[in-house]
Amino acid sequence: QGRPRVLSGIQPTSGSFHLGNYLGAVRQWVDLQESNDAFYMVVDLHAITVPQDPAVLRENARVSVAQLLGAGLDPERCTLFIQSHVPEHAQLAWVMNCLTGFGEAARMTQFKDKSAKQGNESTSVGLFTYPILQIADILLYQADAVPVGEDQRQHLELTRDLAERFNTRYRPTFTLPKPYILKATAKILDLQDPTAKMSKSASSAKGLVNLLDDPKVSAKKFKSAVTDTGTVVSYDEQEKPGVSNLLQIHSALSGQSIEQLVAHFEGRMYGALKTELAELFAEWVLPFQERTRGYLDDPAELDRVLAVGAEKARAVASETLATVYDRIGF
Ligand code: ADP
Ligand code: NA
């Protein structure tokens, strides 16, 4: 086809995406589907590395897909699917597990962080091998680039190491994927604690803007965002992280540059920025919610989209897996 292939995934762990998920990842996926052969998936296999309620997991996967569609992913322009619908992910993951050194896997800092929080006894082996499943996700589709946040860089390096190892041990089989680190500027901070990123698991309720909440609730959160004791709206990540975060969000939603915004708010105080931001967000989020609801209210159409996506994904994944099995001696 000639277009670079990209692949990315998002966990279905929350009913609603938050503003950080949207501006940091999903919105960029929407842009990337135009000039790339893009594969996007909701990674429910990854989600069960920690306990999940079955009914909630199933519902959250569908709500995630509906939000991706609501945000602008177009199943005609990209391949959108749920990971567990494509069994080749788990099959290739086993092969890659057997190619990975135990020590090599143990060096993954994200596992060290997460397992330290959970404690040894409640940490699953699945969480330990999570990066290997990620590697299978990527290599199955022969992805050229993987749009991810900076925190995933180490996993991408392991992906390249293992692809090279397989290619050397057997025969050239896998494309070596390049990281495509998503714009650092897209790091959205907690509205109540602008020293930390906005996060489903770590942010307080008031610090987290959920896309599916009533915009009135979100407006209150913008208006009570923590800033500083100054009065001048200006961009300074060190001294004014709260105001800078609000400017960052405004810029992302309005398309205006930070310089334009600083000029626009000259002589006005933080309240003006907060009020305008709340309105801007509502203008964007209402149509988003309507589109998302449209998919949730039409389960047959959502099923159809997911069936088409799984079929398109499996066409590629099954070919890669067949080649891999052949080279291994199966
Ligand atoms: P959370 O940290 O809330 O659990 P996830 O880890 O599920 O969110 O992230 C899903 C995607 O959203 C990832 O690509 C991640 O980089 C992006 N993301 C999450 N939080 C933010 C944020 N505060 N700012 C920018 N991007 C974010
Ligand atoms: Na996370």
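One-based numbering, in listed order, for ligands and for the atoms of each. Computed over heavy atoms, backbone and side chain alike; hydrogens, waters and symmetry mates excluded.
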Please indicate whether Glu239 has more than 12 foreign heavy atoms, meaning atoms of other residues, nucleotides or ligands, lying under 6.0 Å from its CD.
no
Leu189 N/O to ligand 1 N/O under 3.5 Å
no
Around Asp53, counting heavy atoms of other residues, nucleotides and ligands shown, do more than 12 lie under 6.0 Å from its CG?
yes
Do Thr320 and Tyr141 make a side-chain contact, defined as non-hydrogen atoms from C-beta onward lying under 4.5 Å apart?
no
For Ile188, the ligand 1 atoms whose distance to one of its heavy atoms is below 4.0 Å:
22 (C), 23 (N), 24 (N), 25 (C)
For ligand 1 and Lys197, I'd like to know whether there is a polar contact (N/O to N/O, distance under 3.5 Å).
yes
With respect to Ile10, determine whether any N or O atom, backbone or side chain, lies less than 3.5 Å from an N or O atom of ligand 1.
no
Regarding atom 13 (C) of ligand 1: of the candidates Pro12, Gly9, Ala25, Ser64, which has the closest heavy atom?
Ala25
Among Leu176, Val146, Ile138, whose side chain to side chain contact (heavy atoms under 4.5 Å, CB included) with Thr159 holds?
Ile138
Option set Asn21, Leu208, Leu23, criterion heavy-atom distance to atom 17 (C) of ligand 1, minimum:
Asn21
Kindly confirm or rule out an N or O of Gln11 lying under 3.5 angstrom from an N or O of ligand 1.
no
Evaluate salt bridge (charged side-chain N to carboxylate O under 4.0 Å, His left out) for Glu301 paired with Arg304, printing each intermediate quantity in order.
CA-CA 5 Å; Glu301 171 61 8; Arg304 190 195 63 78; 2.9 Å; yes
Is there a ring pair (Phe, Tyr, Trp, His ring centres under 6.0 Å) between Phe102 and Phe128? Walk through the geometry before answering.
CA-CA 10 Å; Phe102 186 85; Phe128 183 65; 5.1 Å; yes
Decide whether an N or O pair under 3.5 Å exists between Met198 and ligand 1.
yes
Atoms of ligand 1 under 4.0 Å from any heavy atom of Gly24, numbered from 1 in the order shown, are 25 (C), 26 (N)
Test Tyr235 against every option in Gln248, Glu259, Lys240 by the side-chain hydrogen bond (donor to acceptor under 3.5 Å, both in side chains) rule and name the one that passes.
Gln248
So among Glu34, Gln33, Lys312, which one has a side chain to side chain contact (heavy atoms under 4.5 Å, CB included) with Cys78?
Gln33
Which of the numbered atoms in ligand 1 are below 4.0 angstrom from a heavy atom of Lys187?
24 (N), 25 (C)
Please work out whether any backbone atom (N, CA, C, O) or any side-chain heavy atom from C-beta onward of His18 is under 4.0 Å from ligand 1, and answer side chain, backbone, both or neither.
side chain
